[in-house]
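Notes follow the structure.
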Amino acid sequence: MNDLRPTIRLGTDAASLAEAGRLLATGALVAFPTETVYGLGADATDSAAIARLYAAKGRPSFNPLIAHVPDLASAFALGDINEAARKLAEAFWPGPLTLVVPARADGAVCELARAGLSSLAIRVPADATAQAILRAASRPIAAPSANRSGHVSPTEAAHVLADLDQRIDAVVMGEATPVGVESTILACLDDRVVLLRPGAVTREAAERIIGRPIALPDSTSEASPLAPGRLASHYATRAPVRLHAKTIAPGEACLAFGPNLPPGCDPARTLNLSPTGDPVEAAANLYAMLRRLDGFSPAAIAVVEFSMIGLGEAIFDRLQRAAAPR
Ligand code: TXA
Ligand code: MG
């Protein structure tokens, strides 16, 4: 769909959020903030709205969407929740966790939003703006990150407009999103719990709740057909991304982490994810800093080495996809 239309800028006052919910309920595409990243919302029960959403993002339509609902009761109406899923839901919802569970036969999410799969991804966001919109819409809302497919995810309303202005009906002009990386996706489809995407809820925290280790997808089954967000190249900047940089070459921009800057870095083209080495601060800064460094049109974005513990796992996952061959 290439037809351009004005994109309405909505505020975050109660009347504007009610309007966002009303627009979603009539099939419109509305971007809004969550605690992780901005999502591009559409009625998950309306396949025409979902088709427009895929077109606006330029997303391959085999990539299934997450259904967002405001509370656990609404989530449990959409999917079959086993014991591990229930423990995780009670511990982390509302919050930055997505559970992939068997879709209920009587669930309202349309087949196109599920990309034809028998499973369904569900999330209950905690962010107050997202909560108000979901309650006003009063139906499950599919919300992929509000970027053109393959691009860096948006953590500010301005990032949404840079990718999607005149391609969507409205955007809620909220604050920068506090977490900065997407929700953790855990599949609870059999007696295992499988990490499909590391994210804001750390693997360690989830393992403490279920009391056993979380499995990684075995590359042939879960990873490829089920979670195309695991497509190797994703979150792509225009400049190539170089990981584990120990020195910075002339012409390169530098993404630093921690108190020490690598030799060779140009201060005018260096941004620091967290000078104190705090992974929470680093996650919140990641996408905005990638976009800013990309704006210098550097020969490459060189990223220093950092710890993979806690949120470091999600940050490294995103950088690895940004660095993957296009
Ligand atoms: O934090 C987030 O999760 C954000 C905000 C807006 O809520 N949303 C988000 O959505 O990251 P998206 O569409 O960019 O990523 C959803 C991921 C995709 O990688 C998709 O393949 C995977 O979830 N997914 C969705 N349904 C699935 C399913 N049934 N089985 C496996 N993976 C699924
Ligand atoms: Mg995305």
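Since the structure is predicted, the reported quantities are computational estimates derived from the model, not experimental observations. Remember, it's 1-based here, ligands and their atoms both numbered in the order they're listed.
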Fill in: Asp71/Arg135 salt bridge by N-O under 4.0 Å criterion
yes

Discussion item. Need the ligand 1 atom indices (1-based, order shown) with element for anything under 4.0 Å from a heavy-atom of Ala143.
Written reply: 6 (C), 8 (N), 10 (O)

Worksheet item: Measuring from the heavy atoms of His68, does anything fall under 4.0 Å of ligand 1?
Response: yes

Worksheet entry | Proximal atoms of ligand 1 relative to Leu117 (non-hydrogen, under 4.0 Å) | 28 (C), 29 (N)

Worksheet item: Can an N or O of Lys57 be found at a distance shorter than 3.5 Å from an N or O of ligand 1?
Response: no

Worksheet item: For the residue pair Phe316 and Phe306, does the interplanar ring angle fall in the parallel (under 30°), tilted (30 to 60°) or perpendicular (over 60°) class?
Response: perpendicular

Discussion item. Run the salt bridge (charged side-chain N to carboxylate O under 4.0 Å, His left out) test on Glu182 and Arg318 for me, step by step, so that the C-alpha distance in whole Å, both residues' side-chain angles and the decisive distance to 0.1 Å come before the verdict.
Written reply: CA-CA 10 Å; Glu182 293 85 346; Arg318 304 308 188 272; 3.0 Å; yes

Worksheet item: Would Arg212 and Asp191 pass as an ion pair if we require N to O under 4.0 Å?
Response: no

Practice prompt. Show which atoms of ligand 1 fall inside a sub-4.0 Å distance from at least one heavy-atom site of Ser119.
Written response: 28 (C), 29 (N), 30 (N)

Worksheet item: Near Asn63, which atoms of ligand 1 are under 4.0 Å from a heavy atom of that residue?
Response: 18 (C), 20 (C), 21 (O)

Worksheet entry | Option nearest atom 2 (C) of ligand 1 (shortest heavy-atom distance, choices Ala200, Gly180, Ser183, Ala67) | Ser183

Worksheet entry | Heteroatom test (N, O or S) for Ser153 near the Mg ion (ligand 2), limit 2.8 Å | no

Discussion item. Applying salt bridge (charged side-chain N to carboxylate O under 4.0 Å, His left out) to Arg9 and Glu19, what does each step give before you reach the verdict?
Written reply: CA-CA 11 Å; Arg9 274 74 164 159; Glu19 172 66 0; over 6 Å; no

Practice prompt. Show the numbers, then the answer: is there a salt bridge (charged side-chain N to carboxylate O under 4.0 Å, His left out) between Arg86 and Glu90?
Written response: CA-CA 6 Å; Arg86 190 182 45 76; Glu90 285 169 358; 3.2 Å; yes

Item to complete: Under 4.0 Å from a heavy atom of Gly39: give me the atoms of ligand 1 that qualify, with their elements.
Response: 6 (C)

Fill in: Any N/O pair Thr34/ligand 1 closer than 3.5 Å
no

Discussion item. Looking only at distances, can you tell me whether any N or O atom of Glu182, backbone or side chain, sits closer than 3.5 Å to an N or O atom of ligand 1?
Written reply: no

Item to complete: Please report the C-alpha distance between Arg5 and Asp169 in whole Å, then the side-chain angles of each, then the deciding distance to 0.1 Å, and finally whether the salt bridge (charged side-chain N to carboxylate O under 4.0 Å, His left out) criterion is met.
Response: CA-CA 7 Å; Arg5 55 195 137 166; Asp169 299 295; 3.0 Å; yes

Discussion item. Students often mix this up, so state it plainly: with edges at 30° and 60°, are the rings of Tyr287 and Tyr235 parallel, tilted or perpendicular?
Written reply: parallel

Discussion item. Less than 4.0 angstrom from a charged side-chain N to a carboxylate O is my criterion; do Asp163 and Arg148 meet it?
Written reply: no

Worksheet, complete the sentence: Within 4.0 Å of some non-hydrogen atom of Ala121, the atoms of ligand 1 are 25 (C), 26 (N), 27 (C)

Worksheet item: Nearest to atom 24 (N) of ligand 1 by heavy atom, Ala187, Gly199, Pro64: which?
Response: Pro64

